[in-house]
There are 2 protein chains.
Amino acid sequence: MAVTIVDVAKRAGVSPSTVSRVISGHPRISPATVNKVKEIMADMGYHPNVMAKSLVSKTTSTIGIVLPRPAEELFQNMFFPEVIRGIVTHSSRTSYDLLMATGVTEREELEAVIRLVKGRRVDGLLLLHSRKRDPLVNFLREEHFPFVLVGRSEEHADILSVDNDNVQASYDATRHLISQGHRRIGFVSGPPNLVVSMDRLAGYRQALAEAGLASSPEWIVEGEFLQESGYQAMSFFMSLPERPTAIVVIDDLVGFGVLRGLTELGFKVPQDLGIIGFNNTPMAELATPPLSSVDIGIYQIGYTASQMLIRRIKGEKTMQPRAVIPHRLVVRESSLPPV
Amino acid sequence: MAVTIVDVAKRAGVSPSTVSRVISGHPRISPATVNKVKEIMADMGYHPNVMAKSLVSKTTSTIGIVLPRPAEELFQNMFFPEVIRGIVTHSSRTSYDLLMATGVTEREELEAVIRLVKGRRVDGLLLLHSRKRDPLVNFLREEHFPFVLVGRSEEHADILSVDNDNVQASYDATRHLISQGHRRIGFVSGPPNLVVSMDRLAGYRQALAEAGLASSPEWIVEGEFLQESGYQAMSFFMSLPERPTAIVVIDDLVGFGVLRGLTELGFKVPQDLGIIGFNNTPMAELATPPLSSVDIGIYQIGYTASQMLIRRIKGEKTMQPRAVIPHRLVVRESSLPPV
DNA sequence: CCCTTGTGATAAAACGATAACAGACGAACG
DNA sequence: CGTTCGTCTGTTATCGTTTTATCACAAGGG
């Protein structure tokens with residue numbers, strides 16, 4: 001049906017290998033033949049079969065991204081669209097396609113990855129989240145398969161990864177609240193098995209310790225990266241006999257849940273509770289009151305991750321394994337002084 | 001390097017075709033052989049090479065999505081993440097992978113699609129936007145390549161597409177404003193070459209005409225699907241000698257731009273200007289004041305589009321070419337009566 | 001004039017699977 | 001007991017490329 005390299009060769013009166021050489025710009029081939037073949041290719045509307053090409057070249061010009069498990073919840077949070085935006089911008093500039101893989105259960109997720117890797121479906125993989133002791137990471141390491149981690153690996157220092165300095169970022173956010181006069185500061189964390197939760201919690205603790213402030217275990221709550229979790233955390237905090245006057249929230253989306261809850265209950269922000277979130281979502285600016293947030297350069301993270309991966313695929317050796325994207329405090333009304 | 005079907009065959013003492021048959025669950029093969037082969041496959045960690053398989057089967061178990069051109073701006077709007085969420089949920093359930101293609105210029109976009117189609121890289125394509133007289137659509141039609149359009153085609157009625165009834169949706173939104181007592185109603189549209197802009201504008205006009213209300217050309221403004229466009233539209237409206245008392249805005253994101261601008265200028269919503277948007281973004285609820293919006297079921301659109309495409313790929317013939325996802329008015333504070 | 005060198009092109013062997021065709025073998029049937 | 005049939009499995013061709021080895025031929029050197 002479709003026109004193949006053989007058809008072109010026949011019509012041009014040359015062998016298929018000659019056509020192949022024309023395509024790949026082989027040096028030793030006469031200008032006359034090059035022109036003739038190119039003309040005929042254009043005329044016949046020839047396009048190489050990608051599968052056949054990959055089969056022999058063992059290369060796909062495709063990178064895969066592994067979405068954290070429940071892709072369904074996932075996109076509620078602007079983090080993923082934004083990081084993908086960075087990835088797709090870079091990868092399309094370098095003519096790589098992007099294949100998205102996901103599985104509902106953890107088992108399915110691993111299987112999908114194995115399919116991609118062992119089936120030679122992609123040249124490299126981007127992992128969009130870092131968990132503690134991630135089986136995916138170990139698998140890819142053992143296979144010596146090119147991959148880049150968004151976030152960081154606790155276990156292995158040599159893994160390619162791009163991340164913020166989340167400890168420092170959270171430290172900065174907490175310091176900011178302290179500088180606004182707060183003394184009782186809470187923390188709404190994410191799933192404890194994520195490295196980012198751990199890091200941001202550490203930064204929060206470090207800032208408090210350094211300022212000689214107490215940190216009651218009651219003031220630290222774990223949840224998901226969803227509005228609902230923020231709502232619940234807020235309910236809990238506000239029911240405490242001695243409640244925090246400000247909180248650091250691991251993610252803007254969670255912060256919006258807090259905000260919504262507080263409004264429903266008639267509390268005022270920042271008077272009754274100061275808040276600062278992470279990610280500086282576009283929404284943060286529009287919320288009531290506008291939400292302070294740590295901008296972590298998500299787009300940049302995605303762009304850099306793609307860059308590192310493609311460099312790695314092309315065999316570049318001299319590369320820092322860890323890229324750190326700078327963060328930036330964006331102070332808005334939600335964290336102004338309580339008085 | 002990697003273990004192939006031949007290796008498995010050798011070790012099992014059978015021919016490669018037998019192994020292939022075991023994999024594909026061929027009926028006439030003895031249980032004894034099946035077990036032995038399966039065991040050895042597991043033992044050797046065999047996974048079929050996807051490229052080789054596609055090459056001979058002419059099938060990839062992959063669907064492509066074509067992002068509208070500047071993917072960079074694109075993800076600012078929650079529409080795309082949300083529609084992709086629907087797509088990925090369905091496609092991963094049916095074991096199809098998702099390949100994202102995009103190009104910076106219109107030319108590149110078309111080239112990318114040709115590469116995917118002619119290179120037999122994907123089994124089908126999802127077009128995420130409908131433009132008037134889209135060259136992509138014509139190309140795919142001529143190639144008889146399976147594809148589904150998100151939106152609708154002006155020209156061809158037989159094209160598979162999933163859409164809202166945007167005329168009706170916009171009509172409903174406008175009627176709603178009229179029912180709140182508004183008599184001077186404006187419209188902020190999107191790029192005029194998009195079918196969705198056209199349809200929503202038509203619905204707006206229809207509602208006004210039916211209510212015997214005037215619609216000054218000054219009250220209709222075109223822009224992009226970006227906050228910035230809303231901001232500009234707002235500036236223009238508020239500078240008019242006779243300005244609208246309410247507006248229908250083609251997209252929530254644009255609506256937020258309007259909202260932000262009004263706040264900056266000290267105007268009150270809905271007292272000074274009533275607003276209703278489209279898409280019912282999560283943000284709409286959090287804005288100040290909460291933004292009324294037409295919920296068009298974006299997730300459902302994506303899910304259905306994937307469903308239709310995969311059915312089409314599998315050769316299903318009895319299918320309605322046009323799926324229409326119902327919409328729903330979500331009234332919030334931004335469109336309450338002006339008095 | 002023979003031998004080396006260099007250039008432009010071809011033939012043939014992969015790559016890793018699937019599928020059409022064919023064969024072996026035991027059972028069933030006349 | 002020979003023929004036919006059904007069940008299981010092996011042979012072989014094929015998918016559309018790239019790549020390695022090879023070859024023909026002309027030019028240059030001794």
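In what follows, chains carry the letters A, B, and so on, assigned in the order in which the sequence lines appear, proteins first and then strands, with residues in each chain numbered from 1. None of the values given here were measured: they were computed from a predicted structure.
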- Item | Atom-pair distance (NZ on A:Lys118; P on C:dA17), nearest Å | 12 Å
Please list, for nucleotides 13-15 of chain D, all pairs of protein and nucleotide N/O atoms separated by less than 3.5 Å.
from, atom 1, to, atom 2, distance (Å)
D:dC15, O3', B:Lys58, NZ, 3.2

- Within residues 34-45 of chain B: residues closer than 4.0 Å to DNA chain C (heavy atoms): none
- To the nearest angstrom, how far is B:His26 atom NE2 from D:dT9 atom C1'? 10 Å
- Query: Out of D:dT19, C:dA9, D:dT9, which has the shortest distance to the side chain of A:Ser30?
  - Reply: C:dA9
- Message: If the condition is ring-ring contact (aromatic ring centres under 6.0 Å, His included), which residues does A:Tyr303 pass it with, not counting sequence neighbours?
- Response: A:His90
- Message: Just to verify, what does A:Arg311 make a side-chain hydrogen bond (donor to acceptor under 3.5 Å, both in side chains) with, not counting sequence neighbours?
- Response: none
- Message: Using five base pairs at each end to define the local axes, how bent is the helix from C:dC1-D:dG30 to C:dG30-D:dC1, to the nearest 10°?
- Response: 60°
- Message: With nearest nucleotide decided by heavy atoms, which residue, A:Arg28 or A:Pro16, maps closer to the 5′ end of DNA chain C?
- Response: A:Arg28
- Do A:Arg115 and A:Glu109 sit within salt-bridge range, that is, some charged N less than 4.0 Å from a carboxylate O? no
- Note on the structure: B:Met51 atom CE is separated from C:dA17 atom C1', nearest whole Å, by 13 Å
- Query: Looking at B:Glu82 and B:Arg85, does any basic side-chain N land under 4.0 Å from a carboxylate oxygen?
  - Reply: yes
Between the protein and nucleotides 20-25 of chain D, list every N/O to N/O distance that falls short of 3.5 Å.
from, atom 1, to, atom 2, distance (Å)
D:dT20, O4, A:Arg21, NH2, 3.0

- Message: Under a 3.5 Å threshold, yes or no: a donor from one side chain and an acceptor from the other, between B:Ser17 and B:Ser20?
- Response: no
